There are 4 protein chains.
Amino acid sequence: MIITMKKTANHAEIDKIMTTFKNQGLQVHESIGENYRIFGLVGDTSKVDPKRLEANPLVEDVVRVSSPYKKVSRMFHPEDTIVEVNGIKIGGKEKIVVIGGPCSVEGEDMVVNIAKEVKDAGACMLRGGAYKPRTSPYAFQGMGTDGILALAEARKQTGLPIVTELMSADKLDEFIEHVDIIQIGARNMQNFELLKAVGRTKKPILLKRGLANTIEEWLMSAEYILAEGNPNVILCERGIRTFEKYTRNTLDLSVVPIIKKKTHLPIIIDPSHATGDWELVEPASLAAIAAGADGLIIEVHDQPECAWSDGAQSLKPKHFKELIKKCSKIANVIGRDM
Amino acid sequence: MIITMKKTANHAEIDKIMTTFKNQGLQVHESIGENYRIFGLVGDTSKVDPKRLEANPLVEDVVRVSSPYKKVSRMFHPEDTIVEVNGIKIGGKEKIVVIGGPCSVEGEDMVVNIAKEVKDAGACMLRGGAYKPRTSPYAFQGMGTDGILALAEARKQTGLPIVTELMSADKLDEFIEHVDIIQIGARNMQNFELLKAVGRTKKPILLKRGLANTIEEWLMSAEYILAEGNPNVILCERGIRTFEKYTRNTLDLSVVPIIKKKTHLPIIIDPSHATGDWELVEPASLAAIAAGADGLIIEVHDQPECAWSDGAQSLKPKHFKELIKKCSKIANVIGRDM
Amino acid sequence: MIITMKKTANHAEIDKIMTTFKNQGLQVHESIGENYRIFGLVGDTSKVDPKRLEANPLVEDVVRVSSPYKKVSRMFHPEDTIVEVNGIKIGGKEKIVVIGGPCSVEGEDMVVNIAKEVKDAGACMLRGGAYKPRTSPYAFQGMGTDGILALAEARKQTGLPIVTELMSADKLDEFIEHVDIIQIGARNMQNFELLKAVGRTKKPILLKRGLANTIEEWLMSAEYILAEGNPNVILCERGIRTFEKYTRNTLDLSVVPIIKKKTHLPIIIDPSHATGDWELVEPASLAAIAAGADGLIIEVHDQPECAWSDGAQSLKPKHFKELIKKCSKIANVIGRDM
Amino acid sequence: MIITMKKTANHAEIDKIMTTFKNQGLQVHESIGENYRIFGLVGDTSKVDPKRLEANPLVEDVVRVSSPYKKVSRMFHPEDTIVEVNGIKIGGKEKIVVIGGPCSVEGEDMVVNIAKEVKDAGACMLRGGAYKPRTSPYAFQGMGTDGILALAEARKQTGLPIVTELMSADKLDEFIEHVDIIQIGARNMQNFELLKAVGRTKKPILLKRGLANTIEEWLMSAEYILAEGNPNVILCERGIRTFEKYTRNTLDLSVVPIIKKKTHLPIIIDPSHATGDWELVEPASLAAIAAGADGLIIEVHDQPECAWSDGAQSLKPKHFKELIKKCSKIANVIGRDM
């Protein structure tokens, strides 16, 4: 950590501050510039709060050199984390996974049927929302427990593990019992109480990036989960909010190589929410695999025009099957299986 | 609602869709363009989901004419909502309120002392965080229940109502018992389960705008609270996320007249989080009052350089007192008291 | 175009407005809603200015149904535009093109050497900046005419057509004489005088997307060039400005299928500027090809650490050659040659 | 400037780099961390290009301590710059200026009439566009030279100095002859050739902030003008591009105190373009003055609903007059005249 102090700061004041750091076991190195005095802190600075330092009127600027995350950092954990879900492995050099299914569970028959179709298309897991975060209180809010049980039935009939979103810690027991991967949605990425709650389980967690969160904040949210003892985190990019209006969000594929470099956690892509338009899902999926993603999570619906939510971004099963075939060829080019 | 359909759509298909609308009691008007057929739906379209319509490949575009919010809309509730907190009125033409206090409660003595100072400076309520949403799991997470009790003691000694953030519905009883205004923080603006929970109380709710949420989404979150039966919502702008790096966030003061026009709810401004820099708090506060805000919520700390969080944006009590004096003169110019 | 008027507007006023439209040869259709009166204009509305209509206090809202661009629109020109540069074809189903070279021309020997290396690597054109838009007036501003002549010499020795940026219309003659593709940089995307000037030539134009411009604005800038008579426009995405700090810009690959759908013009990707980091260039390039781009423009430098500008995002020739090989395999998967 | 190098970098390589800096007259201080070696460069580092250093694979990170601008920096020029225009002084503690007029000049009579009205309302300068940057090539592009001459006639009749936008350096002579303040529009903020051209004159320059430019980039563009020898720069904030859709742009008023702190140049606000809605212009203007702005530039039109451009954001003269009165009272509260 590097602290720049104003030249006008008097020596006694500066000494007092630097002594505090030395007492915390940190080494302090000084450089004197024309207009500033610059101090380098060496040692474990993860407990030093830059915001607190900046409150000091003598301090011009504080810069972290090390990243603020530890357990998710590849520096402290060089080997890839492989998350295992009912025998399916995600991350590292493992097979690329495809998760398919409807935005919302609309009934048991419906989700069982789609589960069979996505399995037939080549997907290895089933997605479907039972608790739905909706902008409007008047929009369909999901089937709740009945939706969870319908997903469980679909798993029973197809063998596909199920992924679904948890919106509130009071439903955690239900999810631990029935769900294979617990999704934390974009709007809850910084719902820290929820992160701590799922961190105390051993369930695989699919952590979506918030609509306007930096990669660093996203990794800090993953750090919350790991810090509580749960290492099974899968990151999921689903588009960020920008000024562009032709797409629902802007898919940020540069995150794939960045995540691979900064952390050991797997990263998958959600092209459906990122683009909001089924016609863009295939090119976005191909691009995601080419960029090195460990998986895809895609909305699939038999009759998108009748879907209770997000129909505009859902693929029909037939199109989904073709997409997987093409993605699989892209995967081979970059040395992965799918 | 206006639906644009492709010229190529056949008549039978279109008739089927329009019949559905007519069966819902809506009137349908048609215009035929060169390249499109355009349908206007007249009646209560709040239950029609534009996303679902857009899923239909025959549909080119769907545009809402009416706003998607109802209970918060000034169209359906023209008179100002005045939220009352222990006899203090917020909104309409009432006195402009100032809420002051530390970012985090750091102990009972500390918060009682600051409470006395903010009261002496002219503030009418006390803020202070007991449960703190922090980006890092290693940063101070707040004193929890002890913090709430310390705030209650400060209220007892000063008479100032207390405002503090609720992060999880399982603490709601504690807040109903001890807290005067329940704050929903920016990161939880779309934590819909939490919104529903506070909507089922009658407590005044301070609803902060999310870091990357549109005004429309913010009003939809307020609609969640009103839809559950709680009309006591105060909106709070605290800056939005942009590309600019010299400020922590970008304070969006245009929201003040927009909120006044679109809704009947009070709007207050948080210049401390919006700017992240104590030197900017005074000009931002003066501007907020000039723009017509119903109040300010400002971070105040005796020793900002020792604050456990957000010291960089905290004012000293003396500066806070001067700020209130200046704001009060601005208020007079625009015909308000403070 | 659909115009929503307030219910309170009186009939005489509305009739006056609608008569104006009818006199322009437009048909007017009306729907009456509960709170609004809605008018649909049918015919060629490209000359009707929505901003001007919105100035009328009786008007609530104006929505365009047709896109505001005409000549660049695929609706009015369904077949792909193929831009030809010294026998090389760009767009449609043609071979994917790769343009390589240094950020800045640093001397004749330097650029001739790099030209040979990028040709050997498989690139079919040479890029290099002679006039450089730099944020700082103290940064290297480019070699100017000497740089253009050095590029011309490199073309002479390698046969590679040259692409370089024009910053000011007064250098246009020099560019017409020596340059094969004239680049309009991101910062000049809405320098309308420059767009008109290059529109009056027949030279192929590489039009980069502005840092904060929507796809619609980008297409309107292309429309400026076509409207002046030059149909040879190649669009180039180079990343947009967002809140994310780990990358220089956010590469928006969804533009590829959108551009293909909305227009007939070719689209290429600049992964070097989009990411600002050479380690991200390869995954971004593979993703771009998978998404369907018609080409890549990539910064290549022998000694990136000594480059006079943008070294951090430059690839070494050896790495560039490998990248082209991999991209070529991705191209084959999606049915293109490279 | 602080350079963080990887621990793995060998000594010979690092020595080579540091010797380069020492040869440039810089002092080099070293701190050794656990994972990094950190170097502080002391002296005039304005010529050291951080991007170039970051290209070196041994370099982890480069941080500037001093700002990259010099001539515009308050550190090197502590006293306020006062720009004088025909006897009117702008900046420092001088009277706050108000500039009013139509978006576009639509004829001589029209602009003369509005000039009289804005003068009567209390404005001290006249604005009006003769060359108009329009997104669409089919929109009205301005009256050109005739518009400039009409403005000059309005000045003759009212004595108001005139402000108008220059879009291309080839019209500079015309502007030097007829115009009092040359405006560089938002879309040309990084048109560096144009900045250099106006930097070679002594005319006052109104430099608008780009739609997606940081304050630092804006100051660097001002630096371009000062570096060429023209110290008469007035900065103008006109809103930035964000995700919000209810306003045309997001007015960023925090720039006012930041600009006052970082530079000695005057800053004025354009609430018309920032909000895009005449109903928001008054609250935004009051807020701007409260925040400490040195002036306002506001669109005024007799018949906004008939304006040839931007009618939706234009005030009528009567409303403009009331606005100036209110602003004037706000100015008094903060110790300024208007």
Side-chain angles (χ1 to χ4, degrees), chain A residues 67 209-219 237 239-262 269 271 274-293 325-335, chain C residues 67 209-219 237 239-262 269 271 274-293 325-335:
Chain A
S67 62
R209 182 182 183 185
L211 279 79
N213 287 107
T214 61
I215 297 173
E216 190 163 298
E217 290 169 338
W218 188 19
L219 293 181
E237 158 74 18
I240 57 173
R241 183 156 278 184
T242 70
F243 57 84
E244 178 54 52
K245 293 168 187 169
Y246 277 7
T247 44
R248 186 165 169 183
N249 297 289
T250 295
L251 174 58
D252 180 8
L253 280 180
S254 301
V255 303
V256 177
I258 292 173
I259 289 292
K260 291 280 174 195
K261 185 179 172 192
K262 301 262 180 198
I269 303 294
T275 63
D277 180 352
W278 68 270
E279 293 188 85
L280 304 178
V281 168
E282 182 181 301
S285 298
L286 296 169
I289 300 303
K325 271 190 205 152
K326 283 193 200 167
C327 283
S328 166
K329 288 181 194 160
I330 299 276
N332 294 340
V333 171
I334 61 158
Chain C
S67 62
R209 182 181 183 186
L211 280 79
N213 287 107
T214 61
I215 296 172
E216 190 163 298
E217 289 169 337
W218 189 18
L219 294 181
E237 158 75 19
I240 56 173
R241 182 156 278 185
T242 69
F243 57 83
E244 178 55 53
K245 294 170 187 169
Y246 277 5
T247 44
R248 185 164 171 186
N249 296 290
T250 295
L251 174 58
D252 180 9
L253 281 180
S254 301
V255 302
V256 177
I258 292 173
I259 289 294
K260 291 281 177 194
K261 185 179 171 191
K262 301 260 181 200
I269 303 293
T275 63
D277 179 352
W278 68 269
E279 292 188 86
L280 304 180
V281 169
E282 182 181 302
S285 298
L286 296 170
I289 300 303
K325 271 189 206 153
K326 282 193 202 170
C327 282
S328 165
K329 288 181 194 160
I330 298 276
N332 293 340
V333 171
I334 60 158

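Numbered from 1 within each chain, the chains take letters A, B, ... in sequence-line order. Just so we're clear, the structure is a prediction, and the values are computed from it rather than from any experiment.
When atom types are taken as modelled, the side chain of A/Glu237 and the backbone of A/Gly239 share a donor-acceptor pair closer than 3.5 angstrom. A donor-acceptor pair under 3.5 Å is absent between the side-chain atoms of C/Thr247 and the main chain of C/Thr250, judged by distance alone.
Contact count against chain A (heavy-atom pairs under 4.5 Å) is highest for C/Ile258 among C/Val256, C/Ile258, C/Leu251, C/Asp277. For chain A, the option among C/Leu280, C/Ile215, C/Leu286 with the highest count of heavy-atom pairs below 4.5 Å is C/Ile215. Interface check for chain A: of the options C/Asn213, C/Asn332, C/Val255, the most heavy-atom pairs under 4.5 Å are formed by C/Asn213. Between chain C and the residues A/Ile330, A/Ile334, A/Asp252, A/Thr242, the largest count of heavy-atom pairs under 4.5 Å involves A/Ile330. In terms of heavy-atom pairs under 4.5 angstrom with chain C, the leader among A/Glu282, A/Lys261, A/Lys326 is A/Lys261. Chain A forms more heavy-atom pairs under 4.5 Å with one residue of C/Glu216, C/Lys329, C/Lys245 than with any other, namely C/Glu216.
Looking at C/Ile289, neither its backbone nor its side chain comes within 4.5 Å of chain A, counting heavy atoms on both sides. In this structure, no portion of C/Glu217 lies under 4.5 Å from any heavy atom of chain A. There is no contact between C/Ala288 and chain A, counting heavy-atom distances below 4.5 Å. With a threshold of 4.5 angstrom between heavy atoms, C/Ala291 approaches chain A through its backbone and through its side chain.
The distance from atom CD1 of A/Ile240 to atom CD of C/Glu244, rounded to the nearest 0.5 Å, is 6.5 Å. Here the CG atom belonging to C/Asn249 is positioned 7.0 Å from the CZ atom belonging to C/Arg241, to the nearest 0.5 angstrom.
Looking at C/Phe243 and A/Thr214, their side chains come closer than 4.5 Å, going by heavy atoms from C-beta outward.
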